[in-house]
Amino acid sequence: MLVIIILLTFIHICHSAVINPNNHHSAVISSGDHHFLKLPLHHINPLQTPSDAVISDSARLSVLLATLHRHPNLPLTSGAYAGAGQYFVTLHLGTPPQPLLLIADTGSDLIWVACSACRNDCNATRPPHSAFLARHSGSFCLHHCYDPACRLVPKPRPVGACNITRLHSPCRYEYSYADGSITNGFFAKETTSFNSTTGKLLQHDSLAFGCGFKISGPSVSGPSFNGAQGVMGLGRGPISFVTQLGRRFGDKFSYCLKDYTVAPPPTSYLMIGTNDRNPKMRYTPLTTNPLSSTFYYIGVQNVYVDNVKVRISPSVWDLDKMGNGGTIVDSGTTLTFLPDIAYRRILTAFRRRVNLPIPEGSPPNFDLCYNVSGINQRLSLPKLSFKLVGNSVFSPPFGNYFIDTAEDVKCLALQPVTSPGGFSVIGNLMQQGFLFEFDIGRSRLGFSRSGCSKSR
Ligand SMILES: *[C@@H]1O[C@H](CO)[C@@H](O)[C@H](O)[C@H]1NC(C)=O
Ligand SMILES: *[C@@H]1O[C@H](CO)[C@@H](O)[C@H](O)[C@H]1NC(C)=O
Ligand SMILES: *[C@@H]1O[C@H](CO)[C@@H](O)[C@H](O)[C@H]1NC(C)=O
């Protein structure tokens with residue numbers, strides 16, 4: 001608390017409200033030679049880091065299983081993080097710019113970073129770049145609680161009164177994730193800088209973000225956070241990174257999550273705006289849930305295993321009038337979650353088709369694992385495909401839904417949604433090797449197997 005008081009006495013309140021999603025001039029980028037931003041995405045997976053050798057199999061597994069707790073919940077909360085397999089992006093905040101490593105998450109809106117009020121000898125007390133040093137930036141300011149931007153963030157409870165005449169009444173926020181993890185602090189504003197694809201420095205001088213002082217819970221701290229300093233929310237809501245910057249870039253963003261198991265690991269990119277056409281792109285409409293402005297919902301109509309339709313009533317996939325159900329596409333979740341009934345039928349279909357030994361001591365929490373010893377190289381597993389609204393079919397390779405949980409052990413990386421009102425999630429593993437284009441302006445999601453060239 002003391003730290004916070006000290007921070008407040010040195011930091012000023014921003015002059016005016018700046019986030020206005022309807023104002024096309026709100027995002028001032030001072031350069032004219034670009035059509036998009038291209039930010040490298042780094043994949044970090046505690047199961048596959050070099051220090052792996054020292055982690056026992058059971059410890060690896062417990063890290064992976066921590067991911068299962070990122071179970072979809074009701075719209076109130078947004079995505080929390082699977083410990084394994086996250087994509088990170090570097091954001092430069094402040095003047096001069098401080099690089100911060102953030103989890104790229106399409107399942108939440110808020111951009112936030114761990115903040116420090118440290119002024120002198122900050123390197124002595126914490127590793128460099130482990131937090132944003134607000135007092136080392138000449139452009140940092142806090143939103144006043146009366147600022148319209150402050151209405152866009154959830155508040156800690158009890159919500160105190162806001163006095164417009166009191167100068168030092170900063171906007172407080174508290175944002176929670178599905179597993180109960182929270183980030184709590186001040187809603188602030190900063191300049192952010194990017195290198196354009198032509199090498200010029202671009203600046204956006206009013207990025208609204210959470211300056212987090214209280215951060216707790218498994219998905220935003222500890223080993224599963226993997227040394228990240230925060231989250232870049234890429235959801236559909238007004239405070240997300242893509243909403244704040246996207247209008248300058250045609251209201252779309254795309255990414256290609258490459259297969260990180262190949263060596264050397266390829267670089268994936270998050271593109272804010274793109275102007276290239278991809279004739280192989282297939283589209284499905286993005287739908288919205290009136291009760292949750294954050295998520296990117298798509299409509300699943302049927303699932304096929306080896307081109308045979310799995311008998312599931314199509315209504316199982318529906319997003320109902322109460323905002324329950326439906327399917328979201330989420331870069332911040334690793335595994336894929338499907339409605340319980342659909343999950344059971346898919347399991348049955350796989351069991352019927354695959355005749356491989358079951359490993360001894362199958363990992364808990366996975367219902368279907370195979371011992372692929374001796375055949376790993378020429379292994380072929382049934383094709384899983386999703387027929388989507390708009391007559392498009394998403395057919396990922398089996399590496400997108402079978403993961404190695406131990407040597408020679410492959411498990412079906414699907415999980416059932418069992419909570420009432422829960423929704424399905426197409427996680428980042430399932431998205432690998434496809435270019436995904438979130439075309440917010442035209443309310444559609446494009447995907448293409450052929451769009452993941454080296455430069456994407
Ligand atoms: C802190 O460490 C960083 C990186 O090692 C360095 O660039 C910076 O100058 C240091 N700051 C101070 C105040 O020593
Ligand atoms: C821009 O690129 C240079 C050279 O690679 C790098 O040192 C700098 O940190 C980058 N700045 C930003 C804002 O990405
Ligand atoms: C997988 O099968 C091989 C060969 O039959 C066997 O040696 C190995 O112990 C099995 N592994 C597991 C985890 O069951």
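Just so it is clear, the model here is predicted, and its values are computed rather than measured. Order of appearance sets the numbers: ligands from 1, and atoms from 1 within every ligand.
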Worksheet entry | Ring geometry between Phe398 and Phe402 (parallel below 30°, tilted from 30 to 60°, perpendicular above 60°) | perpendicular
How far is [atom] from the closest protein heavy atom, and which atom is that?
{"atom": "atom 9 (O) of ligand 2", "answer": "His92 NE2, 3.7 Å"}
{"atom": "atom 10 (C) of ligand 3", "answer": "Asn371 ND2, 2.4 Å"}
{"atom": "atom 14 (O) of ligand 3", "answer": "Glu360 N, 2.8 Å"}
{"atom": "atom 4 (C) of ligand 3", "answer": "Ser373 OG, 3.7 Å"}

Worksheet item: At under 4.0 Å between heavy atoms, which part of Pro359 makes contact with ligand 3: side chain, backbone, both or neither?
Response: both
Practice prompt. Answer with yes or no whether the side chains of Thr418 and Asp340 bring together a donor and an acceptor at under 3.5 Å.
Written response: no
Worksheet item: When you take the SG atom of each Cys, Cys145 and Cys171, is the space between them under 2.5 Å?
Response: no
Worksheet item: Given the protein's heavy atoms, is any one of them under 4.0 Å from atom 7 (O) of ligand 2?
Response: no
Item to complete: Tell me whether the centres of the aromatic rings in Phe434 and Phe394 are closer together than 6.0 Å.
Response: yes
Discussion item. Would Asn195 count as being in polar contact with ligand 2, using the rule that some N or O on each side must be under 3.5 angstrom apart?
Written reply: yes
Worksheet entry | Sole residue of Tyr175, Trp112, Tyr173 in side-chain hydrogen bond (donor to acceptor under 3.5 Å, both in side chains) with Thr183 | Tyr173
Fill in: Leu91, Ile239, Thr192, Leu93 screened by side chain to side chain contact (heavy atoms under 4.5 Å, CB included) with Phe209, the one that passes
Leu93
Worksheet entry | Which of the ligand 2 atoms, numbered from 1, are nearer than 4.0 Å to a heavy atom of Ser193 | 13 (C)
